[in-house]
Every structure is written in C-alpha cells, then in structure tokens.
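Numbers restart at 1 for each chain; the letters A, B, ... are given by sequence-line order, proteins then strands. Everything quoted here is computed from the prediction, not taken from an experiment.
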Amino acid sequence: MDNTNITKLSGLSKIHFTLEELEEMNKDMESIMRLMDSIKDVELPPESGSQLGTNIYPLRPDIVIPSLDPPQTGKYYTIPRIVE
Amino acid sequence: MDISELRVLMDKKEISSAEVVKTCLERISASDNTIGAFLHINPKALETAAQAQKRIDAGHADMFTGIPVGLKDNLCTMDMPTTCASRMLEGFTPPYDAAVVEKLRAQGAVLIGKLNMDEFAMGASTSTSYYKKTRNPFDITRVPGGSSGGSAAAVSAGFCAVSLGSDTGGSIRQPASFCGVSGLRPTYGRVSRYGCVAFASSLDQIGPIASSAKDCALLLTAIEGKDTRDQTSTEGPPARIRDVSLKGKRLGLIEELIVGDVEDETLAAVESAALWYEKQGAFVESVSLPMLKYAVPAYYLISSAEASANLSRFDGVRYGYRPANPESYESLVSGSRRDAFGWEVKRRIMLGSYALCSGYYDDYYKRAVRLADVIRSEYDKAFETYDALLSPVSPMAAFTFDNIPTDPARLYLADICTVSAALAGLPALSTPCGYTGNGLPVGLMITGARWDDYGILSLADAFERAFNRKRPAFREVGQ
C-alpha cells in the first residue's frame, strides 16, 4: 500500500493520523494485506448472483446487510465504499 | 457449585440470594485489584438480591432468580455504564437494556457488574481495553484471552456464577479456553443481538460463559428466542441439554485445525479428549475441510468491513468523547476518532474501508463473502456424516503479556480455530480438556450443525462429568 492510499484511507475512515502514525499504520496494513491477499487466487465456484452479498445472514437471506446501510448521520458522513 | 445446585439450595432456604451475592462481592473486593475483570460493579446488587429473595420466598423463582450474573461491557444496561472498554464511550449509560439483559432482569437475576473486554470486542487478549488489563486467574502474568476476557476471568475466579460474553470470531470460546471454563457461541440467530453494541453484525452473537456446559445450557435457555427488534433472531427448535449415549456418535476431528502451529501440549489434550469419546463408543475420525485455511482472511475482511460501517456512528456528536474546541465539523469527527479509538480499532476500520473501496471490493470483500459461503457448504456437507466436529479452540494455551504478537497478521492467524464456525453461523463451544505442563488450561472446541446447540452442550457435559477440572491456583490461594 502506498502513502497516497493510506492517506486516502484515513480520510475515508474519518480518522486523523500524524505522519508518524500513518507510517506505522502503513507498515501494519502491509503485513495485514499480505495475509488478505492469500484469498485472491483461491478458486471459487461460480457465483450465484441472487445470493451474493446477502447470504452472509444464513438464516434470513431476504435481509440486506444492515451494517452496510448508510448511517443516519446526515450529509457529512458517507460509508467509505468508493474511493474516487 | 453449579446453578441448579444453587437453585435448589436457594429454594430450600438453605442459602439466600444476598449471601451468594455478598460472597461474590467480597471475592471481587479482595481479588479484582489483581485480576481486573470488572469495569463497573453494580452498586444495587444487594438491593436486587433482596428483591429476588422476596420472589424466592413467595415460591415464584425462575432458574436465575437471585443468581449473580456478570455482563460483558458491550451489552447495554440502562442502570450501569456501557463503554465497550473504549474511551469513545467513557461514562456512557444507554437509555435502554439489551434484550438479553431484559430477559435476565425478568428472571430476577442479580446483574453484578460489567466486565472488561477488548475495545469494541476487537482483540484476543483483553489488552486493547482502554481502561485496564485483565489477568488470567490461572497465571496472572498471562492474558485471559479475548475479547470476552473479563467475562471468562470473572467466572474462573469465582466472582460470579455465570457471565455473558459475545463472540464475533471466537471471543467467547478462546477466553473460556484460556481461563479453564466453558463457553458457548450459539447458532447465529438463536439469541437476540438487540442492545449488543455492534462490531460485525453478520457474525456477532451473545452467549454464556460458565463453570460447566450444563450451566451454559441453563443460561442459553434463559436468553434465547426470537426478538422482533433483531430481525436476524429466530426461534430455534425446542431442545434442552440431555444425557446422551455416546455409543455410535460420529465425531470428526478437523484436520486443518490440528496441523501447523498447534502446540504439542494442546494437540495432546485435544487428542486425548477425542480418544475418551472413542472409548465411550463414539466413532472418531479425521475430516478435511480444505477451505478452512482461508477462514482467517475471509473473517477479517468481512468483520472489518462491517466494523468500519458500524463504528461510523461514533463521530463525537451523539456519543461519548468529543475533543475540546474543534475548528470544523470535519476536525470534530476525525479528532474524536483519533483521540478515542485505540490502535487496533483504527487498524480494523482502515482495513474495512480498504476492503470496501471501489477497485478492491471485488478482490477482497466480495471474495471473502463467497469464501464464507463455501466454508459454510463444507461444514454442511460434513454434518451429513458427523454429529459434531472436534478441534482445539486455540493453537496455544494462554500467552504472557510480553508475548502478544506485534505483527498484526501473526496475531490474527492465532484465530484460525475459531473464526470458521462464526463465518458459517454454527454453534461451537469450548470446554476444558487438559492442562499444559505449567498448569494452563487447554480447551476442546465442539462445533455442531445449525441449531444443535444443546446437542454439543450435551456432548461437552458428558465429557465434563468424566474430566477432572482444576480450579485456578489464584482462587485456591485467594479464597
């Protein structure tokens, strides 16, 4: 992860970091992302579109993910889904 | 003494609720300076015990009437602070009770206090708490596990009869294992999450920690059930803990969780437990669930993505901490989050934000969700053959505070044994199955098919009745 990305992420996350903290976070994120990258090459069965994104609630597939719904905080805060 | 014994003694008037609660409070007062399990003691505990006694005297006692119960500090209580062990919620008292708290109050339970945890339930050592360090009653130089470390340590040290914790990726089972007590993560949906401060909503589940599987079952019965305020909760099939015949039971030992970094003593204890089941007539064999090796990254991506959204509500406006004299709205939000979130919480929010970013979403979050689905299918297939699956709870026994890994990836990998059941929404429990050479407890994890919570509790109960459980040395010396 480069410095631009980590700075963008801190903005998206609405957390202020000092430069030193950003460097430390960058180091941590690099280590974490090495672990996360291990899923990138896993061969997965073909998607079943209707289930994708909703089936993390195994009991009620009709329910959307409430935690990812926009928070009711008004215009100042948005869910950090999209970078650009 | 287990809950049903206490119940009988209380109902026969051989012991009063006040006496039991007083004993717990005396123990807390004598020893919690060392253990550090509690963040808040209920000043009205004895008053509640007196009210419970009236109910007992009138012959209207429920199972938990007059019984002291501890609560993890992410469960909302309208008469006690709920901080999630974070500076962000310092001094925050919710205006409502969590559904599980309502149920316990309705039973007349004595809520003895709020228990320490990793900040916002993110951690495996209770060392990310903003307020204090909790120590393992078996060895105070070691961690109690986490994130429900206070809940497990309090039961282990005899500060309360039972406690409630929450388990997102192992936060009940791992501390129960480290502290030598029993802990259950119920089937996702069996217990209402209403009033449990959200970390990762698709994974969070509230569950019991107790001295035995039998007591876990009693507490589960008291808190389970559908609640319209949590749409993911649902009525499980009616069941209770029972004496099970082990003859002919089919148990699978999960290959992927008994290789790699599992310490020898842990492996030996788990294998000897498997052997015990075999001697009782169960059929035990290895089973492979190959995708479990990807459970850790899948879990951290999903849970962190959800956490980054759930924790967005902590903006310095509506809850808790707010910096003095912010220059703008932006600095109010980012300044409050800078000052009031700990490093681990910030790290998870950053990871979650990254996984949800356009350009990375498909590679990370979406793949993680699909992987969770594949893992769930592997479990479902295994349960066509097996009644339950066995594994260690953690690759190692409780580690010292000095040995908490500084590399986050290494820290996260230690959750390998517990996260997959959470991803699959399955019930899983920890029961002590042995001790290391230096006396530290080792936990056996029993994972069951969806809704078979009482089935795995019954299997654990059978083992516990034959197993010589040790009390922590601290408790022997201190009381």
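Counting non-hydrogen atoms of neighbouring residues, nucleotides and ligands closer than 6.0 angstrom, the CG atom of B/D261 reaches no more than 12 such neighbours. The environment of CZ in B/R229 is crowded: more than 12 heavy-atom neighbours from other residues, nucleotides or ligands sit within 6.0 Å.
For the pair B/S308/A/L12, no side-chain contact is recorded, criterion being any heavy-atom separation below 4.5 Å from C-beta on. At least one side-chain heavy atom of A/F17 sits under 4.5 Å from a side-chain heavy atom of B/M350. Taking the side chain as every heavy atom from C-beta outward, A/I32 and B/Y300 never approach each other to under 4.5 Å.
Of the inter-residue distances, the one linking A/E24 atom CD with B/R347 atom CZ reads 8.5 Å to the nearest 0.5 angstrom. Remark: A/M33 CE to B/L301 CG distance equals 6.5 Å, nearest 0.5 Å. Atom CE of A/M29 and atom CG of B/L351 lie 5.0 Å apart (nearest 0.5 Å). Atom OG of B/S331 is separated from atom NZ of A/K14 by 11.5 Å, given to the nearest 0.5 angstrom. If you take CG on B/D407 and NZ on A/K27, they are separated by 10.5 Å, rounding to the nearest 0.5 Å. Taken from CG in A/D28 to OG1 in B/T406, the straight-line distance is 9.0 Å, to the nearest 0.5 Å.
Taking each heavy atom of A/I39 and B/A298 in turn, the nearest pair found is CG2-N, 4.4 Å. Taking every heavy atom of both residues into account, B/R367 and A/E43 meet most closely at NH2-N, 4.5 Å.
With respect to the salt-bridge test (charged N to carboxylate O, under 4.0 angstrom), the residues A/E21 and B/R338 do not qualify.
Interface remark: of the candidates B/A409, B/A198, B/S334, B/S334 forms the most heavy-atom pairs closer than 4.5 Å to chain A.
Interface residue B/A368: backbone and side-chain heavy atoms are both found under 4.5 Å from chain A. Looking at A/S10, both its backbone and its side chain come within 4.5 Å of chain B, counting heavy atoms on both sides. If you measure heavy-atom distances from B/Y412 to chain A, the contacts under 4.5 Å come from the side chain alone.
In this structure B/Y364 satisfies the ring pair (Phe, Tyr, Trp, His ring centres under 6.0 Å) test together with B/Y354, sequence neighbours excluded. For B/S377, the side-chain contact (heavy atoms from CB on, under 4.5 Å) criterion is met by no residue, not counting sequence neighbours.
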Before you tell me yes or no, could you show the steps for B/S353 and A/L9 under side chain to side chain contact (heavy atoms under 4.5 Å, CB included), namely the whole-Å CA-CA distance, both residues' side-chain angles and the distance that decides it to 0.1 Å? CA-CA 7 Å; B/S353 302; A/L9 269 183; 3.7 Å; yes
